[in-house]
Amino acid sequence: MRDIAHRSDPNRKAPMSQSRDHWSSNAGLVLAATGSAIGLGNLWKFPFITWENEGGAFVLVYLICIAAVGLPIMMAELLIGRRSQKSAVGALKDAVASKWPAGRKLGGLVGGWGVLAGFILLSYYTVIAGWSLYYFAQSVGWTFGGFPADLSPGELFDAQVGNAGLQLALSLSFSIGTIAVVYFGVSKGIERIARIFLPILFGILLLMLFSALSMSGAGEALAFIFRPNFAELGRDAVLEALGHSFFTLSLGMGAMITYGSYISRKHSVVKASGAIVALDTIIALVATVIMFSVIFSVAGMRDEVGGSTVGMLFISLPELFYTEVPFGVVLGPLFYVLVALAALTSTISLLEVVSAYLIDERGLTRHKATIGAGAAIFVFTIFAALSFTGTPILSTMEVFDGKAGWFSTADHFVSNWMLPTGGFFITLAAGWFMTREATKSELVDGTEPGWFKYGAWRFFIRWVAPIAVAAIIYFVILGVDFS
Ligand code: TRP
């Protein structure tokens with residue numbers, strides 16, 4: 001009863017606590033959630049896996065996964081949150097209990113699994129985010145002092161990640177920035193930062209796109225990305241595309257449930273989902289076009305890039321900005337600002353998942369929750385940071401074949417195990433445990449756009465999405481790696 005009354009009037013005072021903070025507008029929600037989605041996944045992971053999987057056909061499969069699995073689950077997470085007005089644990093309890101009251105515990109466990117995923121993901125994500133601060137500082141130096149002719153970008157990178165003190169300082173700075181935003185809450189912290197940073201991020205990307213498209217490699221880059229060649233497409237690539245669509249949209253761990261719980265009744269879940277998914281996808285493609293145009297413009301660069309995930313962003317690009325890219329001396333530092341901003345709007349949503357749990361379920365104040373969670377997570381950030389510095393055990397541990405070190409172990413576990421399993425249960429909660437009336441009243445409430453068909457969503461969330469996700473989990477169990 002309390003839920004229903006609470007739900008029907010978001011401004012009503014909740015018993016014993018202050019009323020729940022909400023996004024101030026639909027645009028605020030879309031910007032904050034898009035900020036969560038756009039991150040290192042778009043700028044660092046997507047270009048790399050597109051590269052590895054030979055472009056075209058992989059990109060097409062990825063787009064299909066985004067539309068057929070990502071979009072319906074985005075709507076499911078936001079609606080579960082909006083309906084219960086609680087963060088991941090409480091909202092999933094309510095969702096499962098709507099048809100099966102005894103299932104509250106199970107719903108709570110799924111939510112708890114998501115909170116744990118957020119905790120772990122944030123602990124290592126911060127390390128890469130910290131690198132963007134380092135490269136920002138370096139590139140400002142190069143812009144004013146010139147790019148040293150004898151500098152080896154590979155050696156610079158190795159020295160950077162190998163320096164324990166530097167790694168800790170960078171990731172601590174990033175953690176403090178994240179905590180500072182979440183400390184101020186939903187509308188005054190997270191939404192305000194997203195409103196300022198996302199337009200800057202779009203602006204920088206647009207400038208870079210113009211510059212990149214003027215380079216000689218642009219045509220070849222566009223062909224690589226958009227011309228499908230199905231001969232190159234293997235089963236692993238399909239799974240990788242599906243796994244990445246969870247990661248890039250921040251799905252499978254209750255982040256969007258949490259953000260959905262701050263949507264008031266006036267704002268549309270369907271419109272917001274469409275905008276978030278479209279923006280995230282466009283940005284990933286634009287980032288890829290930019291990077292490949294630069295790389296294809298330089299003879300021999302294709303072969304050099306090959307090796308590692310970090311290679312493109314932190315080894316090949318810095319030098320190319322100062323040797324090849326038109327206006328690179330300006331765009332270089334701006335690019336690393338872009339990476340840092342994109343990462344920050346993602347880390348704040350990760351910290352929000354953990355904090356909101358502590359606030360809603362454990363009764364902590366926001367200030368205590370953000371500082372406490374932030375500090376606890378940073379302890380694990382130390383492990384992740386030190387796993388690049390040749391530290392015994394942290395650098396060498398190997399739980400999953402070929403994933404040496406704490407960092408890679410954590411990333412593999414979250415991306416390949418936690419997000420797909422969490423996502424699977426979320427599809428069941430929305431498609432099978434919630435009643436048709438409940439989901440329909442959230443999606444079809446007069447705010448939805450004309451293209452939306454409730455019956456189609458229900459078919460995708462009950463059948464297409466869970467079967468596709470179950471297929472990933474099955475292959476993960478068989479040991480196929482698609483991180
Ligand atoms: N979507 C983020 C990116 O592309 C990463 C991410 C995954 C995430 N799950 C999340 C961010 C949950 C915030 C919340 O970089």
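Both ligands and their constituent atoms are indexed starting at 1 by order of listing.
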Exercise for the section: Give yes or no for whether the N/O distance cutoff of 3.5 Å, strictly under, is met between Leu251 and ligand 1. Expected result: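 No, Leu251 has no N/O under 3.5 Å of an N/O on ligand 1.
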Practice task
Consider every N or O of Ile38 and every N or O of ligand 1, then say whether any pair is closer than 3.5 Å.
Solution key: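 No, since none of the N or O atoms of Ile38 sits under 3.5 Å from an N or O of ligand 1.
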Completion exercise
In this structure, atom 11 (C) of ligand 1 is nearest to the protein heavy atom Ser250 OG, 3.3 Å
Practice task
Could you find the nearest protein heavy atom to atom 13 (C) of ligand 1 and give me its residue, atom name and distance?
Solution key: Ser349 OG, 2.8 Å
Exercise for the section: From the options Phe246, Phe247, Tyr125, select the one whose nearest heavy atom is closest to atom 7 (C) of ligand 1. Expected result: Phe247
Exercise for the section: May I ask which of Ser36, Ala117, Gly35 has a heavy atom nearer to atom 2 (C) of ligand 1 than the others do? Expected result: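 The residue whose heavy atom sits nearest atom 2 (C) of ligand 1 is Ser36.
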Problem - Ring centers of Tyr259, Trp23 separated by less than 6.0 Å - result: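 Yes, close enough.
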Exercise for the section: For the residue pair Phe425 and Trp113, establish whether any side-chain heavy-atom pair is separated by less than 4.5 Å. Expected result: no
Ligand 1 contact on [X] by region, counting heavy-atom pairs under 4.0 Å:
{"X": "Leu121", "answer": "side chain"}
{"X": "Lys45", "answer": "neither"}
{"X": "Ala37", "answer": "backbone"}

Problem - Numbering as shown, the atoms of ligand 1 that approach Ala255 to under 4.0 Å (heavy-atom distance) - result: 12 (C), 14 (C)
Exercise for the section: For the pair Lys45 and Glu52, find out whether any cationic side-chain nitrogen is under 4.0 Å from an anionic carboxylate oxygen. Expected result: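 Looking at Lys45 and Glu52, the cut-off is not met.
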Handout entry: Pair Glu448 + Lys271, salt bridge at N-O below 4.0 Å
Key =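 Looking at Lys271 together with Glu448, the answer is no, because their closest N to O distance does not fall below 4.0 Å.
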Handout entry: Polar side chain donor-acceptor pair, Ser264 to Arg20, under 3.5 angstrom
Key = no
Exercise for the section: Would you please say whether a donor-acceptor pair under 3.5 Å links the side chains of Tyr262 and Asp21? Expected result: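 Not at all, the side chains of Tyr262 and Asp21 share no donor-acceptor pair under 3.5 Å.
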Exercise for the section: Using atom types as modelled and distance alone, determine if a side-chain donor or acceptor of Thr50 lies under 3.5 Å from a backbone N or O of Gly55. Expected result: no
